[in-house]
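For ligands, and for the atoms within them, numbers begin at 1 and follow the listed sequence.
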Amino acid sequence: MNYAVFDTGQSREVIELFRRVFTDSEGRDEGMLIGNLVSGLISTRGRDVAGFVATDQEKIVGCIFFSRLTVQDNTNAFILSPVAVDTSYQGQGTGQELIGFGIQHLKEQGVERVFTYGNPAFYGKVGFKPVSEECVSPPLELTQPEGWLGQSLTGDKIMPIAGASRCVEALNKQEYW
Ligand SMILES: CC(C)(COP(=O)(O)OP(=O)(O)OC[C@H]1O[C@@H](n2cnc3c(N)ncnc32)[C@H](O)[C@@H]1OP(=O)(O)O)[C@@H](O)C(=O)NCCC(=O)NCCS
């Protein structure tokens, strides 16, 4: 498996991957929703979005996006969402390696915190821990507060950040939260 920074020339293949994988796992509507999210993220200003792909012999079999979380104290923070691994490649470690590859890249760019909203059992395997909404405010209201997770990339622990936070426009829709 090869891991690399996403290139906009890969947009169509990547959007199709997310549509397919989320349709397989959660149904057609979710597949469309996440495909649209990824399309929006790809159109977002460069500095606020980072994408990474896993390829097997030129075929993209995994992809992940991170986008900026703007917080009041200017901590350099990103949100991981979404991530997908081709259904026939799941369960072989690709998802965890892709997340690790992306996070390492962000760390080298000076990112200090990464947050996500998802299954603690899965994301706990790649360093995420539950974060209370009082500690770091999520950008929108959460339907499942136990899914708000974070990790520090600077070696210290996640300290409280006062005030509201803001995500990029593409993620700023209640249906994703
Ligand atoms: C979630 C996903 C990216 C993981 O990729 P993967 O390559 O299958 O994951 P890995 O092989 O690296 O890791 C598998 C481990 O994660 C666990 N895992 C995988 N998906 C999980 C999920 N949805 N919930 C809980 N645990 C999960 C597996 O049980 C396995 O644990 P083990 O190593 O102890 O056996 C992939 O399964 C996928 O694309 N799923 C559909 C889309 C999705 O749900 N994306 C995440 C939300 S944005």
Exactly one of K157, R113, K129 clears side-chain hydrogen bond (donor to acceptor under 3.5 Å, both in side chains) with S152, and that residue is R113
Out of Q90, K125, Q96, the nearest non-hydrogen contact to atom 12 (O) of ligand 1 is supplied by Q96
Nearest non-hydrogen contact to atom 9 (O) of ligand 1 from the set Y89, F122, Y176 belongs to F122
Using distance alone, determine whether [X] and ligand 1 share an N or O pair under 3.5 Å.
X	result
E97	no
V85	yes
F22	no
A121	no
P82	no

**Prompt:** With a 4.5 Å limit on heavy-atom distance, are the side chains of F6 and I64 in contact?
**Reply:** no
For atom 26 (N) of ligand 1, is the nearest protein heavy atom closer than 4.0 Å?
-> yes
Look up atom 39 (O) of ligand 1 and tell me if a protein heavy atom lies less than 4.0 Å from it? yes
Can any side-chain N or O of [X] pair as donor or acceptor with the backbone N or O of [Y] at less than 3.5 Å?
X	Y	value
E112	A77	no
Q90	V85	yes
T116	L80	yes
E13	Q10	no

Those atoms of ligand 1 less than 4.0 Å from some heavy atom in [X]:
X	value
V21	39 (O), 41 (C), 42 (C)
Y123	46 (C), 47 (C), 48 (S)
N119	24 (N), 25 (C)

Between F18 and F65, how do the two ring planes meet: parallel, tilted or perpendicular, split at 30° and 60°? tilted
Describe, in one word, how the ring planes of W177 and Y117 are oriented to each other, choosing from parallel (under 30°), tilted (30 to 60°) and perpendicular (over 60°).
parallel
Strictly under 4.0 Å, does any heavy atom of S81 approach an atom of ligand 1?
no
Contact between ligand 1 and S25 is defined here as a heavy atom of the residue under 4.0 Å from a ligand atom; is it met? yes
heavy-atom search around atom 7 (O) of ligand 1 in the protein gives G95 N, 2.8 Å
Closest non-hydrogen contact found for G110 with N76 is O-ND2, 3.2 Å
